[in-house]
Student: 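Mind having a look at this structure? Questions to follow.
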Number of protein chains: 2
Amino acid sequence: MFSKSCKYGIKATLYIAQKSQHDERVSLKEIADAINSPIAFTAKILQILAKATIINSTKGPNGGFEIDKVQLSKISIHQIVEAIDGNRLFDGCVLGLNSCNAKEPCPMHSEFVIIRKQLSETLATSNLLDVALDLNLGLTVLKR
Amino acid sequence: MFSKSCKYGIKATLYIAQKSQHDERVSLKEIADAINSPIAFTAKILQILAKATIINSTKGPNGGFEIDKVQLSKISIHQIVEAIDGNRLFDGCVLGLNSCNAKEPCPMHSEFVIIRKQLSETLATSNLLDVALDLNLGLTVLKR
DNA sequence: TTTATTTCGGACAAAATTATCTTAATATAA
DNA sequence: TTATATTAAGATAATTTTGTCCGAAATAAA
Ligand code: SF4
Ligand code: SF4
């Protein structure tokens, strides 16, 4: 479904979101630790997210990553997936034809337009604030 | 969503299914041509499907691949995906935690159990006969 | 029985993804 | 201003996935 990069990206963003709620900026090391990911690889993904202006990064002592608190409820998981994996999951052909084309559909088209729509909507309506709240309450976890 | 191997596998199986309806056995070359896939790589995938007894293979002159006509309606796309990509799509954690565990769920758990259920059911109820019928009618295509 | 045809199986190769390392850039604080 | 902490960026490496090649095995027909 998602690439490993994307999974790390989602988890990292959620961790940053959780901390940003309480105005805490977090370091690369802390993030990688919290989500159980390879540190240098995580750095690359955070760079992508920073360029996509989903997160903010600051260099130097006490630097790290954060998300504008008032933006938390406006950033969706969909945006993260788009930034890292692109749109293939949302608009590519499930069976790998050059493009999705309802005029000349692949054999799974009618089945998958439904699933993709639901997937896309679910991700588009999942915002960082809501998801991070569950994390705060300990209802969900980022690593095991 | 699906690996490339799996996409090839699904398309190849559907092509074989279509031909098997009319008692035609098809060769590797014909399949690869019909679904626009690398021939030698396709051979590997057909071997997997043959071992999973989803398709039958016959060596020698006039050999090739076929599916028992009466089985067509009993074989699901789900089975193909399982044989090639395994169960990760159906029972793995969407965010890459070691396993899906509702007692200690990842932050996307509640959203994804719904999507995965629908995906799994859709694939489980898509049988080769039905899907191949649309192909026959020219309503859907395996390559463009 | 010999030859031709076709899949099978293993070895190999290329490409994409994931992961690491090293140096540079930047910001803070002493 | 200098030292330190931290992310950025580029080069490199490991792993996985995708793809190729070739000889072996099986089958059918001549
Ligand atoms: S048919 Fe289904 S899979 Fe093929 S392109 Fe359209 S949506 Fe994608
Ligand atoms: S929580 Fe969601 S993603 Fe994590 S394991 Fe359960 S289902 Fe998978």
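Numbered from 1 within each chain, the chains take letters A, B, ... in sequence-line order. Remember, predicted model here, so these are calculated numbers, not experimental data.
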Student: Take the protein atom CG of B/Leu46 and the nucleotide atom P of C/dC8, then report the distance between them rounded to whole Å.
Tutor: 8 Å
Student: Taking the nucleotide of DNA chain D with the nearest heavy atom to each, does A/Asn62 or A/Gln47 sit closer to the 5' end?
Tutor: A/Asn62
Student: Quick one about A/His78 and A/Ser120 (side-chain donor to acceptor, distance below 3.5 Å, no hydrogens or angles considered), yes or no?
Tutor: yes
Student: Send over the distance from B/Lys29 NZ to C/dT7 P, rounded to a whole Å.
Tutor: 11 Å
Student: Between the side chains of A/Ser37 and A/Thr42, is a donor N or O closer than 3.5 angstrom to an acceptor N or O?
Tutor: yes
Student: Please give, in whole Å, the distance from C/dT18 P to A/Ile84 CD1?
Tutor: 11 Å
Student: Hey, does the side chain of A/Tyr8 come within less than 4.0 Å of C/dA19's phosphate (OP1/OP2), counting only N and O?
Tutor: yes
Student: Round to a whole Å and report the spacing from CD1 of B/Ile55 to P of C/dT7.
Tutor: 10 Å
Student: Measuring from the side chain of B/Lys44 (C-beta onward, heavy atoms only), which nucleotide among C/dC8, D/dT4, C/dG10 has the closest atom?
Tutor: C/dG10
Student: Are any of the side-chain nitrogens in A/Asp91 or A/Arg88 under 4.0 Å away from the carboxylate oxygens of its partner?
Tutor: no
Student: Just to confirm, is there a sub-4.0 Å distance from OP1 or OP2 of C/dA15 to any side-chain nitrogen or oxygen of B/Lys4?
Tutor: no
Student: Can you identify which nucleotide, out of C/dA19, C/dT18, D/dC21, has its nearest atom closest to the A/Ser5 side chain?
Tutor: C/dT18
Student: Rounded off to whole Å, could you give me the CZ-to-C1' distance for the A/Arg25 and C/dA27 pair?
Tutor: 10 Å
Student: Between D/dG19, D/dA8, C/dC8, spot the one nearest the side chain of B/Ala50, thanks.
Tutor: C/dC8
Student: Whole-Å distance between C/dA19 P and A/Ile45 CD1?
Tutor: 8 Å
Student: Just compare C/dC21, D/dA25, C/dA27 and give me whichever is closest to any side-chain atom of B/Lys59.
Tutor: D/dA25
Student: Both A/Ser27 and B/Ser3 contact DNA chain D. Which one's nearest nucleotide lies toward the 5' end?
Tutor: A/Ser27
Student: Would you find a donor on one side and an acceptor on the other, under 3.5 Å apart, between the side chain of B/Asp85 and the backbone of B/Ser3?
Tutor: yes
Student: Sequence neighbours left out, what passes side chain to side chain donor-acceptor pair (under 3.5 Å) with A/Gln21? Give chain and number order.
Tutor: A/Asn136
Student: Does A/Lys51 reach a base, just sugar-phosphate, or nothing at all? Heavy atoms under 4.0 Å.
Tutor: sugar-phosphate
Student: Counting just side-chain N and O atoms, does B/Ser57 come under 4.0 Å of either OP1 or OP2 of C/dC8?
Tutor: yes
Student: Please give, in whole Å, the distance from D/dT7 P to A/Phe41 CZ?
Tutor: 17 Å
